[in-house]
**Student:** 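Before anything else, here's the structure in question.
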Amino acid sequence: MFLWRRVAPQSPEEGLKPSATPGYVRNFRTLNRLISEGNSFSGYEHNPLFLNLGGEGFTNVAGLLGIDFDDDARAVATVDWDHDGDLDLWVTNRTSPRVRLLRNNHPHHGKSLLIRLIGNGTTTNKDAVGARISLSLEGQGGLQQIRTVRAGEGFLAQSSSWIHFGLGEIEKAVSVQIAWPGGETESLHGLKAGKRYLINQSKGAQEIRVNSLSVDDFPVPEIDENWQEEGLWLVNRLPLPELSYIDEKGSVQSTKEFLGKPFIVKFWATGCDICLDELGELAKNQKGIQGLQATVLALNVDGLATVSQETSARDSASELARLGYKMSSGKARLENLGKIETLVEFITSRRRSLNIPSSFLVDEKGAVAAFYEGPLSWDQLSTDMDLLRAPTQARLTPRSGRWYEDPLDQDESSYLSDYATLFATNGFPDEAQILFDLIQPSGKSKSPQELYNQAKVATAQGEFEEAKKLYQAAIKVNPEYGQALTGLGALFLMEKRLDLAQPFFEKALAIDPNHATALINLAMIDRSRGNQARALERLNRVVELNPDYTAARLNLGSLYASMGEFPAAIVQLKKAMLLDPEQPAGRLTLAAVYADTKQWEKSKDLYLSVVESHPQIPQSFLGLGAIFEAEGRHRDAVKSYQRVIIMGGGSAQAYTGIARAFLALGEKKSAEKALKAALKINPNYPAALKLLQSK
Amino acid sequence: MFKRSRFAIFSITFLVMIGCLLFLGCSEKQEDPTSNVELAVSKETSTTEEAEAWSAAVKEQLSELADTLLEPTESLSKDDSAKTITTIDFQSKQQKERNAGSSIRVRDLSYSFSETPTGLGKFFEQMKTALCFDVESDESYLKFKVYRVQSDAGTLRTRQLLTASGFNDGKNIRSQAVVEAVWTLPDDNQLPELLSFSMPNLVQSEFREKDTEGFEDIAPNVLGGNDSWNQQLQLGMNHWVRRIDEVLKPDFLGYHGVAVGDVDGDGLEDLHLCQPGGLPNLLFRQEEDGTLTDISAAAGIDWLDNSTAALLVDLDNDGDKDLAVATKAAFLILENDGAAVFTLRSEFRELRSGYSPTASDYDLDGDLDLLILRYNADSREVGDFPTPHPFHDARNGGANMLLKNQGQLRFSDATQESGLGEGNFRFSFAAAWEDYDNDGDSDLYVANDFGPNQLLRNDGGKFFDTSVESMSQDWGFGMSACWGDLDRDGNMDLYISSMFSGAGNLLIPRSNFNPSMAEQTRQRYLKMVRGNSLMRNNGSGGFSDVTSPMDEGYAGWAWGAGLGDFNNDGWEDLYVANGYISQPKKDDL
């Protein structure tokens, strides 16, 4: 659906340059990301075989014939492989198996004739490509049969050089006319049905006899089940992101401390039998590893939610002791996995969670040389450790062969910059900064993309002034850099400097009239200036272009709510919740709308769901407090407001709420104390002043 | 069981029933066999969101319907038995056989529409009988593919393809029909209720004899003796992209092809397979028993650079098959010494990441020239979906190249001088040579993704684009094309692989699908998602689109097509390779 919902409708009608339609380009990028995250795209389709019903149309009989495979099939070549007079098929697939030989065992409707043409090599090419063979058919009601010799047809395919004619009702001899490329023609008579003939140009036909093969001639050979390819050897070694973990004594350690000698990082779980076998094997070879001046770090992932690995009740430290494992070990943190998954994403262009066990071979400079997902044998590991100093080209690929273009001829700085950028995008700005520092020691001028990425890193680190400088530098190099423009605008907006922010969003919008981020931010500016109508118009435009844009739905909902248009607000907020059930903002705003319209139960349910999913957000407790007050449950209201204060969300609103509730409970002293606290935070808080007066 | 109350979907009022009759009267006109091309779909007032919600709700109900029909022991409750539905008159069935004498019997069962409501129980029994679900079998199935949803006067009309597999007298019966259905308009709280069900033509196929064999995959049998089967070909691209560094460009999309040809002159044809970056291309010698032996390394063709397709052709007219292979790094031409040992003779570094090379003696000088297709303008782009501009008429694709044979395995770029440089900016995956005008030279049809295809008439070694006047553009997602005289009138017809998209068919007609789009463009979009095309060569230089969209047109996301007479009855059939990306998350993009 994504292609037709989000991408295709955004295309310009005329052929513009890609740079002129960033929204469309962006959605194509999203499409590729969704594919890399493991989504299907017209997958599991069944190959059809359309039977020609004697000129009366076609119908799909692939299911009946047993060849309606749901592979991601690609190329098709036809050939009579088993020499039984009918056409078999070679088919290649994207999926496993990469190739199928579909042997035709279907009973023949009639006999066939197979012909291979050889050109004279002077006026006609030897392969006779382009020659036309016509079959003479008498008594067939004017029907003809013609074939042309081809080399390369369809998608990525070349079929057999033998031309196949099905003969249907014809049982006897036939004649053929051949029009050779170059103009010569010849006729041959008395070719027998059921035979195959080699025809040399101007030299007549020669019958070729080959044994036809029966099904029994093709037993399945025994397959070596033990074979297992292990590991991915990186073409360009990449710095291992810093992993900080908790060691067995409970103190924080870092992989930095391993610098200077090669090491293996292994992620394992106690409930994973393969892991235990491997750790046992490593324990046995401890001496050998030490002999290589190397070590192992075993990081246990028990209890980390993203890993779909059964965890046992066993304790990781005692498991290691039982196995006799004495090298380094510790408990992995969730963040370790995020960083490692970023590394794997960079190597493989796939975004997914790490399988357990996974191991990484790191050289003495702290760079990852190999990545092993799944089982890793000691044989392979020791071989690879030997290769660390003197890698061979052969280790780069799972099977051997020859390169036309040496893959080791690569520009190192460009991939390191991309590697750093990926860390920034995936939420690891500190790691990104370390990598950028690695590649930018010289005064080499930076590309706008690099500047933009560094600006994002700086923003994430809270260095807003630095971020602004970097965005400005990016815009200076490329004044039409939409993302940098909106990034800078957002920084000013955060500081509530609307006049400064607005021109950047407007510039971004001038470049791309459908720029969703720019439209949403401008709507926020309009709204805070009281121009609700224009804000509404902008947000509706975003929704029209991208009905599934959660941020736009949220803003629309909140805008409608502030305008008192509650039914419209509810529609938008419900949609936002549908689009992103995890995100709390929609539920919080909707809960507030329900509270405003006195639908206490609905409001309470929503607040409680936020409490459950995001217990650290104080707003839900504020909302609950107000509802408890309305319900007359003043003790509960006090507790709820107190939660807000404990969480560090102590505001005039929370203290005033407490004061009001205590007053209702008749506990005047406590109420006074709370009211004082409220006025201390905000001496002009209207609700607090009102309470003070009423007292 | 049906969702909510049992059979709640089958309630009906008399007034609505009359509405359905009118609707079906119209739809019968659309099914007129003389006009195979579906009528233009008019723009809908509903939005894409409504259409998606409706379609999802209808799919849910149809899948419940299918489950109930497949349950052989299911009987209706008293309440449900009392309900009625307007449906086809199963008594009015007319039978026609379309494949007399063949081992596969293909029957058309035509029904007329009943004007009187039928009891629900009776409808179920009749459907079960029609689709041969009386016998319980694991291989029975019933699927619906909804591809059109329209709201009308408080009802919802849907059109869907029914495919079913059932059993009768020990034989598998396959059914296919386009079903027109009318439903109540669903809302947030209510699933649509089925009011009317019509199936004017049901096509059924079966083997004439019991226990007739079909095809069998014997790749493990003939290849299994080689490490390259076990260690390489058995594993798909979903596996390899986790095992090969992206820098080596394994090409996740799996555009890797096949070539068949006798490389060692023993009279038995051998097999060449192109492979992803990081895995060697493979050449197998066919032994006398039909099995294959891997000779890739000894033959010197085991390139690790990502390769799309190869040709085994005699390029120096010395009687053996040389090799031309399109790799990510260059287009390579290797000479065969006659005993399947190859030596690199020519290399074209400017021709990176080509697709579907094809040979023809276009200038009739007695040697083979080569055409190589290009998809991305930037040859570094391997394994990603491109960004076409604009989507329906993209002109930012790669430039195809024609290599003219200069003898001794040297070639020169003849793209410009031959006229192929004109309009050479499409996303081209494949092309097919054929003398479509029967004047003695090879013309060219180029299949292009995201736009029109091109028919290039060869006049003495110069090409002229005749796509428009010959009516052969076939606007769409052209993936490949093949020629064959499918109606046996002496003129070569065209079968073109493109794409059928259910989502596209559903969303393009909606009011908020790019509201500023011109009507002509929208119709083009709709044509693009119709599926594959069959273009009849009318013998006077023109073509007619004779596609039956839900028959030979309905092939999903199609790639290559193998054209051949698979049952030796004198008529050429089509096997189509389809499917884009199957991954663990099955939800479709």
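Note: hydrogens, waters and symmetry copies are ignored here, and every other heavy atom, side chains too, is used. Labels below follow one simple rule: chain letters A, B, ... track the order of the sequence lines, proteins then strands, and each chain is numbered from 1.
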**Student:** Looking at the rings of W4(A) and F391(B), which for Trp means the six-membered one, are their centres under 6.0 Å apart?
**Tutor:** yes
**Student:** Only counting residues at least two apart or in another chain, list the ones meeting side chain to side chain contact (heavy atoms under 4.5 Å, CB included) with E544(A).
**Tutor:**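 E544(A): side chain to side chain contact (heavy atoms under 4.5 Å, CB included) contacts with P515(B).
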**Student:** Just to verify, what does R174(B) make a salt bridge (charged side-chain N to carboxylate O under 4.0 Å, His left out) with, not counting sequence neighbours?
**Tutor:**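 Salt bridge (charged side-chain N to carboxylate O under 4.0 Å, His left out) list for R174(B), sorted by chain: empty.
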**Student:** Got a salt bridge between R243(B) and E373(A), using NZ or NE/NH1/NH2 to carboxylate O under 4.0 Å?
**Tutor:** yes
**Student:** Hey, can you tell me if F41(A) and W557(B) have their rings parallel, tilted or perpendicular (30° and 60° cut-offs)?
**Tutor:** perpendicular
**Student:** Regarding S96(A) and Q234(B), do their side chains bring together a donor and an acceptor under 3.5 Å, going by distance alone?
**Tutor:** no
**Student:** Is it the side chain or the backbone of I35(A) that comes within 4.5 Å of chain B heavy atoms, both, or neither?
**Tutor:** both
**Student:** Of the backbone (N, CA, C, O) and the side chain (C-beta and beyond), which part of W229(B) lies under 4.5 Å from a heavy atom of chain A, both, or neither?
**Tutor:**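 Only the side chain of W229(B) comes within 4.5 Å of chain A.
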**Student:** I want to check something: taking the side chain as every heavy atom from C-beta on, are M1(A) and L507(B) in contact at a cut-off of under 4.5 Å?
**Tutor:** yes
**Student:** With a 4.5 angstrom heavy-atom cut-off, could you sort out which part of R5(A) is near chain B: side chain, backbone, both or neither?
**Tutor:**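 It is both, since atoms from each part get that close.
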**Student:** Checking R132(A) against chain B: side chain, backbone, both or neither under 4.5 Å from a heavy atom?
**Tutor:** side chain
**Student:** Any side-chain donor paired with an acceptor under 3.5 Å for E572(B) and N52(A)?
**Tutor:**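 Judged by distance alone, the side chains do not pair up.
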**Student:** Give a yes-or-no answer on whether the side chains of Q144(A) and R488(B) include a donor-acceptor pair shorter than 3.5 Å.
**Tutor:** no
**Student:** Do N238(B) and R94(A) have a side chain donor and acceptor closer than 3.5 Å?
**Tutor:**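 Side-chain D/A pair, N238(B) to R94(A): present.
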